[in-house]
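All of these numbers come straight from a predicted model, not from anything done at the bench. Note: hydrogens, waters and symmetry copies are ignored here, and every other heavy atom, side chains too, is used. Each chain gets a letter, A, B and so on, in the order the sequences are listed, and its residues count up from 1.
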Amino acid sequence: MRPDRTAFIHRFYSDRCWIEGTAEDQLEQVAAMRGVLSIAAFPDLHPGKYGPVGSAILADRIYPQLIGNDIGCGMSLFALDLPARKLRLDKAAQKLRMLEGSWQGASAARLKALDLRENLHAQALGTIGGGNHFCELQVVDANADSTALETFGLKKGDLALLVHSGSRSLGTAVFSTVLDRFAGLDPDSTEGHVYWQDHCQAIRWASLNRTLIAERAAEALRCELTLVTDAPHNMIEIWDGAFLHRKGAAKADIPLVPLAGSRDALSYLLVTKSDKPDALASLAHGAGRKYDRRSMIGRAGATRSERNELARTSFGGLVVCEDRQLLIEEAPNAYKDPKRVLEELVNAGLATNVASLKPLLTFKKAARQAQSIARQDKKRRLLDRRSRR
DNA sequence: ATGTCC
């Protein structure tokens with residue numbers, strides 16, 4: 001604790017990178033909070049509800065607000081054994097619509113394998129959710145150093161799945177128990193201990209959720225998948241004897257981190273470096289928002305033809321997002337240029353780039369299918385109830 | 001972000 005001074009903010013971006021003033025203000029506010037020891041800020045920095053998104057914060061207390069509701073949210077990348085030449089995008093888009101329904105697989109065994117209660121929030125497992133979450137089919141474009149990429153089991157032309165999702169309403173339920181604890185939690189208190197345990201479970205649940213989404217997608221596309229990397233960016237971890245909060249900052253003490261672009265921009269695959277302790281073992285997690293959700297009304301998708309445009313990409317790819325509000329809120333122009341973010345990270349010496357990932361099919365939400373599946377679910381629940389009587 | 005405010 002150092003009430004007399006604020007924590008140092010290490011900024012891993014240059015003047016060439018546009019950062020919203022509100023986000024800088026939030027960094028200063030967090031730096032002055034009790035027990036905050038050090039902060040790392042990345043080029044995807046933008047304002048969040050409780051604190052700056054795109055930052056890692058080391059503290060000797062637990063601040064649930066810095067993480068928010070989507071505990072364990074992150075990006076998982078999977079390699080697919082489907083040959084790109086066999087892919088028919090429009091057919092693949094139809095096949096992926098099944099992701100909209102609930103997962104009917106054997107959840108108990110999968111939860112138990114991660115030391116989670118066998119029925120822990122099982123009803124939501126394998127679902128993408130809303131907001132900026134997605135399941136994206138991509139094609140790998142190796143950069144100059146293709147040998148480095150091959151050591152991770154990928155090569156130019158391979159198909160991959162990038163899954164961005166989290167702990168769904170499980171994380172929301174955990175966060176709801178500490179909604180008003182703005183002063184943070186003493187890790188030695190009962191409340192701190194309970195939150196910590198629940199939070200750690202939500203992290204494992206969220207990781208499993210991403211795996212199940214990818215497995216469902218691979219099954220729909222009739223191919224096999226291999227995990228390439230799983231990088232959470234919304235969680236707390238014990239690091240250097242303190243609590244490291246990552247809010248929209250990827251865990252970077254793993255070999256590979258995906259840097260997600262917007263759905264009409266390339267994503268990048270980064271090889272991490274570990275010689276900059278001030279970066280708090282973290283990296284940017286994506287392009288970062290330029291405009292908040294509300295201010296996107298009027299900036300995109302005003303007309304039907306504009307909305308139709310938003311359903312395809314400049315790369316010739318498809319976007320399945322049949323929720324009009326979501327389509328507009330998540331329009332590509334709501335985001336900064338991920339290329340700029342990549343360059344800033346490489347210039348700061350935090351990572352090197354081994355591949356670009358070109359979006360082919362971004363699945364977010366299928367409205368019609370969702371409704372019919374919701375009806376089926378309701379029917380099934382009614383039948384279940386009747387059969388139990 | 002969220003079985004979301006109907």
Side-chain angles (χ1 to χ4, degrees), chain A residues 23 26 44 46-55 63-76 99-104 107 119-135 163-179 195 198-199 202-203 205-207 209-210 212-213 232-236 245-250 260 262-263 285-289 291-297 321-331 334-335 364-382 384-385:
Chain A
Q26 288 185 340
D44 55 345
H46 60 279
K49 189 171 179 185
Y50 301 105
V53 183
S55 62
Y63 283 101
Q65 256 72 16
L66 289 179
I67 303 305
N69 59 8
D70 199 1
I71 302 161
C73 182
M75 306 269 178
S76 295
L99 288 171
E100 200 60 58
S102 55
W103 178 55
Q104 302 299 322
S107 52
N119 60 350
L120 182 68
H121 223 74
Q123 75 280 6
L125 268 177
T127 61
I128 297 171
N132 54 6
H133 291 171
F134 59 78
C135 173
V163 178
H164 179 198
S165 190
S167 52
R168 311 285 281 107
S169 38
L170 172 64
T172 308
V174 172
F175 185 51
S176 72
T177 63
V178 288
L179 266 185
Y195 172 80
D198 289 348
H199 151 280
I203 289 174
W205 193 102
S207 176
N209 191 38
R210 289 189 288 277
L212 293 173
I213 291 165
H233 56 230
N234 216 38
M235 38 94 82
I236 311 172
H245 302 67
R246 292 192 182 91
K247 177 62 180 177
S262 70
R263 65 190 183 215
H285 75 312
R289 281 199 90 93
Y291 302 117
D292 64 44
R293 292 174 189 286
R294 280 182 60 192
S295 71
M296 284 310 292
I297 304 168
C321 182
E322 292 164 352
D323 176 319
R324 183 193 284 201
Q325 193 184 330
L326 192 57
L327 186 74
I328 292 166
E329 284 177 355
E330 291 294 314
Y335 287 89
K364 289 184 72 71
K365 199 163 281 282
R368 271 161 276 156
Q369 180 78 349
Q371 279 162 14
S372 74
I373 286 176
R375 252 178 263 130
Q376 282 170 24
D377 283 354
K378 195 175 177 182
K379 209 171 177 180
R380 190 166 50 228
R381 278 198 302 274
L382 281 169
D384 280 357
R385 226 172 286 165

Select base, sugar-phosphate, or nothing to describe what [X] touches, counting heavy atoms under 4.0 Å on all strands.
X	value
Gly171(A)	nothing
Gly68(A)	nothing
Gly130(A)	sugar-phosphate

Can you measure [X] atom [atom1] to [N] atom [atom2] for me and round it to whole angstrom units?
X	N	atom1	atom2	answer
Ile71(A)	dT2(B)	CD1	C1'	13 Å
Lys365(A)	dG3(B)	NZ	P	9 Å
Gln325(A)	dT4(B)	CD	C1'	10 Å
Arg324(A)	dT4(B)	CZ	C1'	19 Å
Asp323(A)	dG3(B)	CG	P	14 Å
Arg168(A)	dT4(B)	CZ	C1'	11 Å
Asp70(A)	dT4(B)	CG	P	16 Å
Leu170(A)	dT2(B)	CG	P	12 Å

| query | Relative to each other, are the rings of His245(A) and Tyr63(A) parallel, tilted or perpendicular (30° and 60° limits)? | reply |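 It falls in the tilted class, 30° to 60°.
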| task | Respond yes when some side-chain nitrogen or oxygen of Ser169(A) is under 4.0 Å from OP1 or OP2 of dG3(B), and no when none is. | result |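 Affirmative; the distance criterion is met.
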| message | Is a donor from one side chain sitting under 3.5 angstrom from an acceptor on the other, for Glu330(A) and Tyr335(A)? | response |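 On atom types as modelled, these side chains qualify, holding a pair under 3.5 Å.
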| request: Indicate the atoms forming the closest heavy-atom contact of Tyr195(A) with Ile67(A), along with that distance. | output: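 Smallest interatomic distance, heavy atoms only, reads OH-CB, 4.4 Å.
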| Does Ile71(A) offer a backbone N or O that forms a donor-acceptor pair with the side chain of Ser167(A) under 3.5 Å? |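 Flag set: sc Ser167(A) to bb Ile71(A) pair under 3.5 Å.
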